Amino acid sequence: MLGRAGLGFAGLFWMASGLLLMWFTFLGGTKNSNPLNRIYFLEAATSNIPGAPATSRWTLWNLCPVVDGKNDCGSNTPDFPFDPASPRNFGTDVNVPSRFVQHHNHYFVTSRFIFPFMLIALFFGVLSFFTGFIAMCVRVVGHVSGVFAYIALTFQTIATAMMTGVFVQGRNAFSRNGQPSKVGPMAFGFMWASVVLLFFSALCYFWGGSLRREDGGYSGREQRRRGFFSSQRSSSVRSNKETNV
């Protein structure tokens, strides 16, 4: 059975793995270098839209054309919306799927919430990661790390659900309009995998924090204390026996 140190290390490992995937997804499109230039949420053929590139990809930071199968992004705008018909994207509704025009607010608002929810998840995930080093030794900190991991899991799950909903709907809208499209496999894979990893991390932290000393928690200090007082008592007993003799 894993002790507190083992479970704390497991929680730390799962959290580190989840954070790595989250950072890759969050920063996708910010630089035209591998692997960030391969991460995107949605790709669509947009050559028939005036002023749009032949193929467009959406990230959290920009709308990027595609060159040699990779993102070729320009300037970055944090919390970039998925709103094809608006001036923020293509600035026209010509050959843009009608659903984007009719349900403009849905796509705009939902896509804008992904960014802040991921930021919150990353913040608490980082807190959980650093407190996780102490959680391997201290029972109370295990619970603290677990709470941080649970909060990160909650916000990451919400962000991932919103991402899935809005970009799958966007893919379907483009496809029905005769414009081939697909969701980004790396972004979707990383986001859902991070949800699973954060869940395992929170589970390990809470499990480790709930262990009592006799279940495998650290008990060295208690044993030393018991050893000291037991030796004192044994010495006292021997002295009394000698006195009585």
Side-chain angles (χ1 to χ4, degrees), residues 13-47 49 51-84 86-91 107-130 152-153 155-168 170-171 174 179-198 201:
F13 175 78
W14 297 128
M15 179 57 66
S17 302
L19 284 173
L20 180 64
L21 298 183
M22 290 166 66
W23 279 115
F24 275 142
T25 309
F26 185 77
L27 296 175
T30 55
K31 289 185 177 295
N32 295 322
S33 58
N34 192 44
L36 299 182
N37 60 358
R38 298 177 182 272
I39 298 174
Y40 59 91
F41 293 111
L42 178 67
E43 176 185 293
T46 54
S47 58
I49 299 177
T55 304
S56 301
R57 286 178 175 175
W58 280 266
T59 73
L60 290 176
W61 301 86
N62 36 40
L63 171 61
C64 309
V66 180
V67 177
D68 296 329
K70 303 173 184 176
N71 304 344
D72 187 26
C73 303
S75 59
N76 297 320
T77 303
D79 203 6
F80 190 83
F82 175 55
D83 192 12
S86 76
R88 301 177 185 86
N89 285 194
F90 299 133
Y107 290 97
F108 175 79
V109 173
T110 306
S111 62
R112 291 295 294 271
F113 269 102
I114 300 172
F115 188 94
F117 274 58
M118 278 201 73
L119 267 183
I120 296 172
L122 284 166
F123 174 75
F124 282 100
V126 170
L127 287 180
S128 178
F129 174 77
F130 283 111
L153 170 64
F155 281 95
Q156 180 65 6
T157 302
I158 296 173
T160 303
M162 290 190 296
M163 172 208 71
T164 302
V166 73
F167 287 110
V168 167
R171 179 202 62 186
F174 275 116
Q179 297 161 293
S181 60
K182 63 178 181 178
V183 296
M186 291 183 69
F188 272 65
F190 286 176
M191 289 288 279
W192 280 109
S194 67
V195 169
V196 176
L197 293 170
L198 293 185
S201 177

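Count residues from 1 along the sequence. Scope of the values below: all heavy atoms of this structure, side chains included, with no hydrogens, waters or symmetry mates. Not measured: the values here are computed from a predicted model.
Side-chain atoms of F41 and M163, non-hydrogen and from C-beta on, do get closer than 4.5 Å to each other. Looking at S86 and F108, their side chains never come closer than 4.5 Å, going by heavy atoms from C-beta outward. The shortest side-chain heavy-atom distance between W61 and C73 does not fall under the 4.5 Å cut-off. The shortest distance between side-chain heavy atoms of N89 and P84 falls below 4.5 Å. With contacts defined as side-chain heavy-atom distances shorter than 4.5 Å, the pair N32/D72 qualifies.
Legend: residues meeting side chain to side chain contact (heavy atoms under 4.5 Å, CB included) with N34, ordered by chain and number and at least two apart, are N37, R38. Scanning for side chain to side chain contact (heavy atoms under 4.5 Å, CB included) contacts around I158 gives F117, T154, M162, with sequence neighbours left out. Partners of P185 under the side chain to side chain contact (heavy atoms under 4.5 Å, CB included) rule, at least two apart in sequence or in another chain, are Y40. Here V168 pairs with T164, R171, N172, V183, F188 under the side chain to side chain contact (heavy atoms under 4.5 Å, CB included) rule; sequence neighbours left out.
Atom CZ of F13 has 12 or fewer heavy atoms from other residues, nucleotides or ligands within 6.0 Å.
To the nearest 0.5 Å, atoms OG1 (T46) and CD (Q179) are separated by 7.5 Å. From S201, atom OG reaches atom CG of L153 across 9.5 Å, with rounding to the nearest 0.5 Å. Considering NZ of K70 and CG of L36, their distance stands at 12.5 Å, rounded to 0.5 Å. Interatomic distance, M186 CE to I39 CD1, rounded to the nearest 0.5 Å: 4.5 Å. A distance of 9.5 Å separates CZ in F82 from CG in L63, rounded to the nearest 0.5 Å. Atoms SG and CH2, on C64 and W58 in that order, are 10.5 Å from each other to the nearest 0.5 Å.
Sorted by first and then second residue, the side chain to side chain donor-acceptor pair (under 3.5 Å) pairs with a member in residues 112-125 read D79-R112; sequence neighbours excluded. The side chain to side chain donor-acceptor pair (under 3.5 Å) analysis of residues 16-31, with sequence neighbours excluded, yields no pairs.
Of all non-hydrogen atoms in G18 and S194, the two that sit nearest each other are O-CB, 3.8 Å. Nearest heavy atoms, A121 versus M22: CB-CE, 3.7 Å. Smallest separation of non-hydrogen atoms from G170 and Y107: N-CE2, 4.0 Å.
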Notebook entry, point to check: Does the pair F115 and F26 meet the rule for a ring-ring contact (aromatic ring centres under 6.0 Å, His included), with working shown?
Noted result: CA-CA 8 Å; F115 188 94; F26 185 77; 4.9 Å; yes
Next item on the list: Go through T77 and R88 one step at a time and tell me if the side chain to side chain contact (heavy atoms under 4.5 Å, CB included) criterion holds.
Entry: CA-CA 10 Å; T77 303; R88 301 177 185 86; over 6 Å; no
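A donor and an acceptor atom, one from each side chain of N76 and N62, are located under 3.5 Å apart.
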